[in-house]
Amino acid sequence: MNIIDFPEAEFVDFLGFPLTLLLCFNGLYGCCMRGYVHELEQPLLPPELESSTKVFSAFSNCSFWSKIAFSWLNPLFRLGRNQLLVLSDIPSVPQSETAENASSLLEESLRKQKINVFSLSNAVFCSMWRSLLTNAFFAGANTIASYMGPLLITHFVDYLSTKADDSSYHDGMTLPVVFFIAKCIESISQRQWYFGASRIGIRVRAATIALVYKKSLNIKLYAVGQGNGKIINLINVDAERLGDFFLYIHRIWLLPLQVSLALVILYINLGAAPAIAALASTILVMVCNTPLASRQEMLHSKIMEAKDSRIKATMETLKSMRVLKLHSWESSFMEKILKLRETEKSWLSKYLYTCSAVAFLFWASPTLVSVVTFGVCILVKTPLTSGTVLSALATFRILQEPIYNLPELISMIAQTRVSVARLENFLRDEDQMKLLTYRKFRASTLALDIESGEYTWDTSNHYARKPTIRISEQLKIDKGCKVAVCGSVGSGKSSLLCSILGEIPRISGREIKVYGTKAYVPQNSWIQTGTVRDNILFGKDMNKAFYEEVLEACALTKDLQMWTDADMCVVGERGINLSGGQKQRIQLARAIYSDADVYFLDDPFSAKALMQMLSEKTVVYITHQLEFLDAADVVLVMKDGRIVQSGRYEDLITDSDGELVRQMDAHQKSLEQVNTNDGVFHNSTAKSSSVPLAELIEENSSCSIQYDKLAQSNEEEAVRGRVNWHVYSTFITAAYRGGLVPVILLCQILFQGLQMGSSYWLAWATEEEGRVSHKQLMAIFVLLSGGSCVFILGRTIFLSTISIETAQQMFLSMIKSVFRAPISFFDFTPTSRILSRSSTDQSTVDMDIPYRLAGLVFALIQLLSIIILMSQVAWQIILVFVAVIAISCWYQAYYITTARELARMVGIRKSPILHHYSESMVGSPTIRCFNQEGRFYAKILSLVNDYSRVTFHNIAAMEWLSVRINFLFNLVFFVVLVILVMLPRSAIDPSLSGLAATYGLNMNVLQAWIIWNLCNVENKMISVERILDFARLPSEAPSIIEDCRPESDWPTEGFIQFENLHVRYSPALPMVLKGITCIIPAKMKVGVVGRTGSGKSTLIQALFRVVDPSQGRILIDGLDICMLGLKDLRSRLSIIPQDPTLFQGNVRANLDPLEEHSDQQIWEVLNKCHGLASIIRQDARLLDAPVAEDGENWSVGQRQLVCLGRVLLQRRRILVLDEATASVDTATDNLIQKTVREETSGCTVITVAHRIPTVIDNDLVLVLDQGRIVEYDSPSELLKDSSAAFSKLVKEFLCRSSKHFDEI
């Protein structure tokens, strides 16, 4: 009985209700926004300030309705529709999402924790609890609303079954309205839930990356055994996973809520016994899932470990690629990476097949639960009707989610726990907690107070027989003093400097005090990616006059004149497009410009800068140039990690038995070599040469400055527009030529058909009591359901098989292409760019894209089957679907232009974070010494904010589309229900109509899944596109040309001819070598000298075919090298580069990477490399002694000796020494030169050098200038002409050196 007499509703009233709701929504939104728009029309700032504020977050200032409908994104979509978006077009993230805000909150939470308790997860929850609570409200609302459909479907089917043709629509129309409202609440709450969870994830990710970076910047990585590759994975993988976890976090408490709601509905419809049976079977499925989830967790950890190893090996290989290619070792190192990938693939295979089992359980679980439940119904004689059966089936389908989510949730929790544990271990490590803080000591007349103590690089190494550095007596250095440190290779000179700087752990003694600001020039040049000016200023303001003075003092003026953009020339990664000398000059300029109080210079070459610009400063400098020693107030002589002599230079040289005099004797011998060859200058007056030394000679020939124009920018270019269909077709056909794809599709179609058939059978059979027997009902239902399970099992297994093979093929094509790329590609492609494809993009291909692509196709098949089913009930529904799908497609097309560019930006903005991190870690001692941690931290925050803002708007854009498409399909569902209510009873089949309504309940979830996947697939396919870009790199010349292979003993003589050689680095650049014609006779020693940019490096690179001749040719033993494969050529030549490269591993692997020699042969060579054998014997592990990443636990001089040993072991006919003794003392240099002379007596040796003794005893000297030969003769002949360039060089050397030894 109705208390209020409602007027009878018409059909039009009900049809108009959702439209009225929509109009109200828009009206309210318009009212709310009118004032806001009006305010926007009145600019509050003058026009010149408007441009800077346009990047403010649109989200922060929008209204409630705008947030619900995501309308605040409309201006961005309009812009994206009209033009290709760039980063500056994307508004900033809200203040709460900024890295500064998020990291400060997380740090505050960590700080509040008790001293002995360190929990990153607790800190995250404490800092995010308000957002998590709001998010929980939306998650709960979504879950409750989603169960309204199964609850009401019984009433709807009952109404359709019992209504008469002349009955009132009033009761029937109430149900569609309630359905529609519930569906709208479900959709809106789901969108807010997902978006809110993503926002929390962005904040946590930003905060974690910032924390890891801040910690990394303050620790010595190799002192605690952390590798760069592992820590890059902390940022790249673990921080990402921790952020993604917030999409899953509420499912922990939603799962029991979902199961409880399902049981309530089953209890209402079927009674207690079937509900308990359903619960028992649900628990059984969950229990079956649990061991699979545990296995997933274990396998995922194994995949991560394998990935860590592969990324680490890849990073080291990429950094050393120039050396590997020159030695023709790249294929061997690629094999090592492929072996590591095979290990990773084996774990990946097991993981994906386990995922197949989980997926099978997911799809089969409704079948199992429904068979058990309906079986119990029959046993306890519960009456079954179409309504109760369809309601139960709808409930089982919703129960699918918690059943499936449990293992996924357990897996995600497990993965996140692994990531949190890795992050906590890094952030909490006790050794690392000893942060290297640079304390400022009170003002003093002293500059340095060096206390006695012991220091060692690796405190955990039990094999080391003594500490790295032992200081036995206190040293006090006054302000303004010049302190020179000298000693032989491996004596501990660089380690002493690092001890003073606090870079080496102190194991005993008191702290060394440094009074005032510091500047540091490391022996291994550290240059940032950016302009030359940025590298010199290093965060300080420009003082033009002082800046010019510094450039002049560091001999950089000449370099700037050569570069197209002068000091605005862009430097490549690790200063790759600079010579060794240029890098050192820039480093020195950076130190001098800092105007510090105390300077630490590790082997500087510029005496001018030392004497002029730093005359009033305290300077501690390491030198092998013993002629610089008399400029020092104090000389420290190092031997075996101890200061064996200290005092004034004049006092030390009077001790005839001292270490210094021994080294001076060696230096005198090298001078005598020059004097013997130079009767002209030996007694000449010490008149300085008019040509500065820096102009005559270049320290490094590893890479020509001509590359300058090729490396204008390191910014990655994004591919624009749609992802090409070719990318999709390549991906789909990568495995078995796409042969399994039709099989997978057929399995899905048969599964969908059998599943719908089984549901219809139940509904039809129970429509009228007694239509079929209970036995027949269950037998056919089990048969149809079992058949669908078989096909779903086939689908999951085939999909995993195709995923594994596709991922492997993609990886192989990329890695082979990268390893076949020319050296210039590695010079100008940041390592982080290649690594991001090898790690992030490859992970996406391994575990994500195949399932997203397949999921999209499977969802489309499901949607199509629902449309067909609904059209069977009433053909008019087809028209509604056509209209809605057309509108959806328009929305999707409107959305994708913006979303695609946002997704590409997400991929691109990650690389700069990794690049800045890698660069900072390498230069962390310099950054700390200059007290620049704050500036570098601010830079990472800025880069993280850029990444966050594109991620934030990328996610929001997806929600913008989903909320609109959801509403459209909710409207479709409403119209379908209204049509079913309006049609006469005789025109419909209640069972089929009920089935259509049951499947229609999932339609908005299904279409949201389709739209989300449709957009996500394109976004994710960008990873495939990026991998394919690197799979199609221009290749260098073939490794082997079968038709033109040299004899196995070629070259037998080592006779080299250059015939009219012209070389340029690209058709757009000028010629570097201009008609070089000369002969290098067999078994001769030839020195190559020349000014910066004279073409020395290019000549060497042409010999190794790093760059091919534009004209002319090079012949070795009469064979044109351009006719040979690169492997055949480079494997017959040897080179010792200036930058000595060691690989992580052990000594044996560094000396003999290809494992071609016995230990006996290795020891024979080691005994010939001065002092190297004794250095190795200091470690009990001998040839198995570890070599750290980049050889960091070896001095540069020791590394150079290892490179010498490596070459002597190869015994090649042609040897190139590219300033191979730049980092060793004179005594060691003499012994090395002697070793080279003796061991290479039957070889042709080409030496590029800047030390006169290195080339003075060569058979011939080749002098180059501006790409042409200016002089080529024996040293004795060239010295007869006092105006010759070589004569000037020798005169300069003697004038500088001889006077210092008159007193010995």
Side-chain angles (χ1 to χ4, degrees), residues 93 97 99 102 106 120-121 124-125 127-128 131-132 135-136 138-139 190-191 193-212 232-252 254 293 296-297 300-301 303-304 307 351 355 404-424 836 839-849 851-852 855 902-903 906-907 909-910 913-914 944 947-959 962 1009 1012-1013 1015-1017 1019-1020 1022-1023:
V93 287
E97 267 74 50
L106 187 56
L120 182 63
S121 48
V124 168
F125 287 120
S127 59
M128 306 288 169
S131 303
L132 284 167
N135 207 229
F138 287 117
Q190 188 179 50
R191 302 280 58 87
W193 169 22
Y194 288 176
F195 182 58
S198 299
R199 283 182 63 195
I200 296 168
I202 287 169
R203 286 159 64 184
V204 171
R205 187 185 302 118
T208 310
I209 291 173
L211 264 181
V212 170
I232 278 178
N233 266 355
L234 289 180
I235 287 175
N236 211 17
V237 178
D238 296 309
E240 285 286 335
R241 185 167 298 125
L242 185 56
D244 291 342
F245 177 67
F246 290 92
L247 286 166
Y248 297 81
I249 192 167
H250 294 300
R251 292 179 182 175
I252 296 168
L254 284 177
Q296 273 184 311
E297 177 192 349
H300 196 273
S301 294
I303 290 170
M304 288 307 300
K307 195 186 294 295
Y351 178 80
C355 290
Y404 178 66
N405 280 346
L406 179 67
E408 191 190 7
L409 183 63
I410 292 169
S411 172
M412 193 64 195
I413 290 170
Q415 289 176 29
T416 308
R417 279 177 61 189
V418 169
S419 291
V420 168
R422 282 157 58 96
L423 287 163
E424 280 183 351
S836 70
S839 58
T840 314
D841 292 327
Q842 187 61 46
S843 289
T844 307
V845 171
D846 283 348
M847 302 165 83
D848 204 355
I849 295 178
Y851 295 93
R852 291 215 187 281
L902 285 169
V906 169
R909 298 321 308 174
K910 191 71 182 282
I913 295 173
L914 300 178
V944 170
Y947 179 58
S948 293
R949 75 202 244 209
V950 291
T951 308
F952 177 85
H953 287 88
N954 185 41
I955 292 162
M958 210 173 284
E959 300 301 343
S962 295
W1009 175 247
W1012 191 76
N1013 257 350
C1015 303
N1016 218 324
V1017 160
N1019 294 348
K1020 294 285 183 184
I1022 292 165
S1023 288

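Each residue takes its place number in the sequence, starting with 1.
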side-chain contact (heavy atoms from CB on, under 4.5 Å) partners of Val418, counting only residues at least two apart = Ser301, Arg422

Lys910 NZ to Ser839 OG distance, which is reported to the nearest 0.5 Å | 8.0 Å

Quick one: CZ on Arg205 to CG on Asp244, what's the gap to the nearest 0.5 Å?
-> 5.5 Å

Kindly indicate, with the supporting measurements, whether the criterion side chain to side chain contact (heavy atoms under 4.5 Å, CB included) is fulfilled by Ser948 and Ile202.
-> CA-CA 6 Å; Ser948 293; Ile202 287 169; 3.7 Å; yes

Quick one: pull up CZ in Arg949 and OG1 in Thr951 and give me the separation to the nearest 0.5 Å.
-> 11.0 Å

Determine, step by step, whether Tyr351 and Asp846 satisfy the side chain to side chain contact (heavy atoms under 4.5 Å, CB included) criterion, reporting the C-alpha distance in whole Å, the side-chain angles of both residues, the deciding distance to 0.1 Å, and the verdict.
-> CA-CA 11 Å; Tyr351 178 80; Asp846 283 348; over 6 Å; no

Arg191: side-chain hydrogen bond (donor to acceptor under 3.5 Å, both in side chains) partners, not counting sequence neighbours = Glu959

Taken to the nearest 0.5 Å, the spacing of Ser131 OG from Glu97 CD works out to 7.5 Å

Shortest non-hydrogen contact from Leu132 to His250?
-> O-CE1, 3.2 Å

Residues which pass side-chain hydrogen bond (donor to acceptor under 3.5 Å, both in side chains) with Thr844, listed by chain and number, not counting sequence neighbours = none

Any idea which heavy atoms bring Leu106 and Thr208 closest together, and the distance?
-> CD2-N, 4.4 Å

For Met128 and Ile249, what are the C-alpha separation, side-chain angles and deciding distance, and is it a side chain to side chain contact (heavy atoms under 4.5 Å, CB included)?
-> CA-CA 13 Å; Met128 306 288 169; Ile249 192 167; over 6 Å; no

State whether a side-chain donor-acceptor pair under 3.5 Å links Arg203 with Ser127.
-> no

With sequence neighbours excluded, tell me which residues meet side-chain hydrogen bond (donor to acceptor under 3.5 Å, both in side chains) with Thr416.
-> none

For Phe245, the ring pair (Phe, Tyr, Trp, His ring centres under 6.0 Å) test, sequence neighbours excluded, returns none

Here the pair of heavy atoms bringing Leu247 nearest to Tyr194 is CD2-O, 3.8 Å

Taking the side chain as C-beta and beyond, is there a heavy-atom pair between Val124 and Val420 under 4.5 Å?
-> no

Under the side-chain hydrogen bond (donor to acceptor under 3.5 Å, both in side chains) test, residues paired with Thr840 that sit two or more places apart | Asn236

Roughly how far, to the nearest 0.5 Å, is CG of Asn954 from OG of Ser198?
-> 10.0 Å

Drop me the distance from Ser843's OG to Met304's CE, to the nearest 0.5 angstrom.
-> 7.0 Å

Do the ring planes of Phe195 and Phe952 sit parallel (below 30°), tilted (30 to 60°) or perpendicular (above 60°)?
-> tilted

